[in-house]
Amino acid sequence: QVQLVESGGGLVQAGGSLRLSCAASGIIFSRSGMGWYRQAPGKQRELVALISSGGMTNYADSVKGRFTISRDNAKNTVYLQMNSLKPEDTAVYYCKAPTDYWGKGTLVTVSS
């Protein structure tokens with residue numbers, strides 16, 4: 001079955017960086033567009049970044065220029081490099097694979 005396992009979350013001060021990873025299994029990863037989403041307390045889940053099977057990327061306006069999504073098809077892993085973190089980036093970050101598979105999430109907390 002499909003499994004998505006996120007890692008790399010934690011507590012960081014504002015202005016710091018974190019790198020999230022999502023290891024995928026049970027899918028043809030190299031042919032799959034992947035996404036990162038996040039859900040802050042009391043808010044709806046929102047798109048953070050997408051990467052197509054061919055490596056094209058798309059970002060939410062709120063993270064453009066600060067976050068970078070990438071993929072390593074040899075490792076079946078998608079990454080989210082997060083720089084210049086802000087307190088408003090605090091959320092549980094989820095990895096998504098087509099068509100509607102989700103990981104359990106990893107918590108990112110940014111302190112001011």
Side-chain angles (χ1 to χ4, degrees):
Q1 72 271 20
V2 177
Q3 280 195 317
L4 302 171
V5 180
E6 301 98 335
S7 62
L11 175 63
V12 64
Q13 289 189 330
S17 298
L18 283 174
R19 187 195 195 201
L20 306 184
S21 300
C22 171
S25 60
I27 61 172
I28 304 176
F29 184 82
S30 61
R31 299 181 186 176
S32 301
M34 302 294 293
W36 284 100
Y37 292 73
R38 67 186 180 187
Q39 187 166 17
K43 295 188 177 181
Q44 289 188 331
R45 193 171 297 188
E46 63 177 2
L47 170 69
V48 176
L50 299 171
I51 185 165
S52 72
S53 58
M56 292 184 64
T57 59
N58 192 23
Y59 298 93
D61 287 343
S62 59
V63 307
K64 280 181 182 176
R66 300 188 298 123
F67 291 10
T68 302
I69 188 171
S70 63
R71 63 190 299 151
D72 185 338
N73 290 341
K75 296 183 178 180
N76 284 7
T77 300
V78 60
Y79 303 99
L80 186 68
Q81 177 67 44
M82 306 187 295
N83 299 329
S84 302
L85 282 160
K86 305 175 181 180
E88 51 264 44
D89 294 318
T90 295
V92 177
Y93 285 71
Y94 298 91
C95 177
K96 181 180 182 292
T99 54
D100 197 30
Y101 293 102
W102 296 86
K104 293 183 178 181
T106 185
L107 176 63
V108 172
T109 304
V110 184
S111 63
S112 57

What is the minimum heavy-atom distance between [X] and [Y], and which atoms define it?
X	Y	result
Phe29	Met34	CE1-CG, 3.9 Å
Thr77	Ser21	CG2-CB, 4.2 Å
Ile27	Ala24	CD1-CB, 4.0 Å
Lys96	Thr99	NZ-O, 2.9 Å

Is the shortest side-chain heavy-atom distance between [X] and [Y] below 4.5 Å?
X	Y	result
Val48	Leu80	yes
Ile69	Val78	yes
Thr57	Phe67	no
Gln39	Glu46	no
Arg38	Ser62	yes
Met56	Asn58	no

Euclidean distance, [Y] [atom2] relative to [X] [atom1], rounded to 0.5 Å:
X	Y	atom1	atom2	result
Met82	Trp36	CE	CH2	8.0 Å
Ser32	Asn73	OG	CG	9.0 Å
Leu85	Thr90	CG	OG1	8.5 Å
Arg31	Ser52	CZ	OG	14.5 Å

Next on the checklist: In terms of relative ring orientation, are Trp102 and Tyr94 parallel, tilted or perpendicular, with 30° and 60° separating the classes?
Outcome noted: perpendicular
Item to check | Connected via hydrophobic side-chain network under 4.5 Å: Tyr37 and Val63 | outcome: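 They do not share one cluster, since no chain of ILVMFWY contacts under 4.5 Å joins Tyr37 to Val63.
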Sequence neighbours excluded and cut-off under 3.5 Å, please list the side-chain donor-acceptor pairs for residues 1-20, or say none.
| residue | atom | partner | partner atom | Å |
| --- | --- | --- | --- | --- |
| Glu6 | OE1 | Lys104 | N | 3.1 |
| Glu6 | OE1 | Gly105 | N | 2.9 |
| Glu6 | OE2 | Cys95 | N | 2.8 |
| Glu6 | OE2 | Gly105 | N | 3.3 |
| Ser17 | OG | Asn83 | OD1 | 2.9 |

Item to check | Sidechain N-carboxylate O distance under 4.0 Å for Lys86, Asp89 | outcome: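 The answer is no: the pair does not qualify as a salt bridge.
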Item to check | Stacked cation flag Arg66 on Tyr59, 6.0 angstrom / 45 deg | outcome: no
